[in-house]
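Everything on this sheet refers to the single structure shown next.
Just so you know, ligand 1 is whichever comes first in the structure, and atom 1 is the first atom listed for that ligand.
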Amino acid sequence: MTQQTSPPLRLAILGSGKGSNARALIEAAQQIECHYEPALLISDREDAGILRLGEEFGIAACFFDPGPFKTKFLQEREERLAAFLHTAKIDFIALAGFMRVLHAPLLAAYPQRIINIHPSLLPHFPGLAAWKQAIDAGASESGCTVHLVDDGVDTGGILGQRRVPIFQTDSAETLHARIQEAEHELYPGVVNAFAATLLQKMTLHQQ
Ligand code: GRF
């Protein structure tokens with residue numbers, strides 16, 4: 001008798017920038033036996049590089065107008081985004097360089113199902129330009145952290161971390177480049193493990 005395997009969970013990736021972490025997630029899903037399928041790419045910026053990955057990899061991609069605020073969604077827009085993600089049958093969400101704080105509409109629609117990657121060893125250096133914060137503080141190491149998203153700034157439960165050394169010769173840019181290499185190694189594995197755990201919970205819930 002052959003064993004029934006569950007189809008991969010549908011992942012939406014939200015980003016505001018060039019999308020190198022989104023690329024790492026997509027490429028890993030093509031190579032490893034994967035519990036997630038990148039099904040939708042969304043950006044709050046029309047010109048974001050992450051949207052171009054849609055065409056390259058044949059994944060649905062769209063700009064989602066966030067409204068007038070710089071660091072959050074207009075509430076009504078966030079409600080609309082949550083409804084859109086449900087309609088697209090998205091199971092969970094990975095933020096990859098997404099520059100807005102999420103609030104109730106999305107957090108309630110996807111409780112404990114939104115994860116983020118941050119370029120420091122949290123709880124150190126939350127917030128913007130964490131690699132520059134580490135250099136300015138004279139730290140000898142930094143790294144990256146994958147964590148659950150809550151309504152704070154980089155405060156949710158930690159799912160995985162990777163350490164990166166800081167050299168005396170480092171600038172903010174060279175450190176960020178080294179951290180990004182670590183991010184691309186860390187994020188796909190943590191997302192895959194998260195999807196596997198979520199799949200188990202969903203299967204138990206259905207029984
Ligand atoms: C990454 O360094 C990530 O940790 C931070 O924003 C950056 C996004 O880079 N949240 P990219 O768009 O994935 O290349």
| query | Between His176 and Trp131, what is the ring plane arrangement, given parallel below 30°, perpendicular above 60°, and tilted in between? | reply | parallel
| Considering only heavy atoms, which protein residues lie less than 4.0 Å from any atom of ligand 1? | Gly17, Lys18, Gly19, Ser20, Asn21, Gly97, Ile117, His118, Pro119, His176, Gln180, Glu183
| query | Could you give all pairs that pass the ring-ring contact (aromatic ring centres under 6.0 Å, His included) test and reach residues 183-207, with sequence neighbours left out? | reply | Phe92-Phe194
Donor-acceptor contacts under 3.5 Å from residues 123-130 side chains, at least two apart:
none

| query | Charged N to carboxylate O under 4.0 angstrom, Arg80 versus Glu76? | reply | yes
| query | Should the pair Lys72-Glu78 be classified as a salt bridge under the 4.0 Å nitrogen-to-oxygen rule? | reply | no
Show the atom names and distances, to 0.1 Å, of all donor-acceptor pairs under 3.5 Å that link a side chain in residues 82-89 to residues at least two apart or in another chain.
| residue | atom | partner | partner atom | Å |
| --- | --- | --- | --- | --- |
| His86 | ND1 | Tyr110 | OH | 3.4 |
| His86 | NE2 | Ala109 | O | 3.4 |
| Thr87 | OG1 | Ala83 | O | 2.9 |

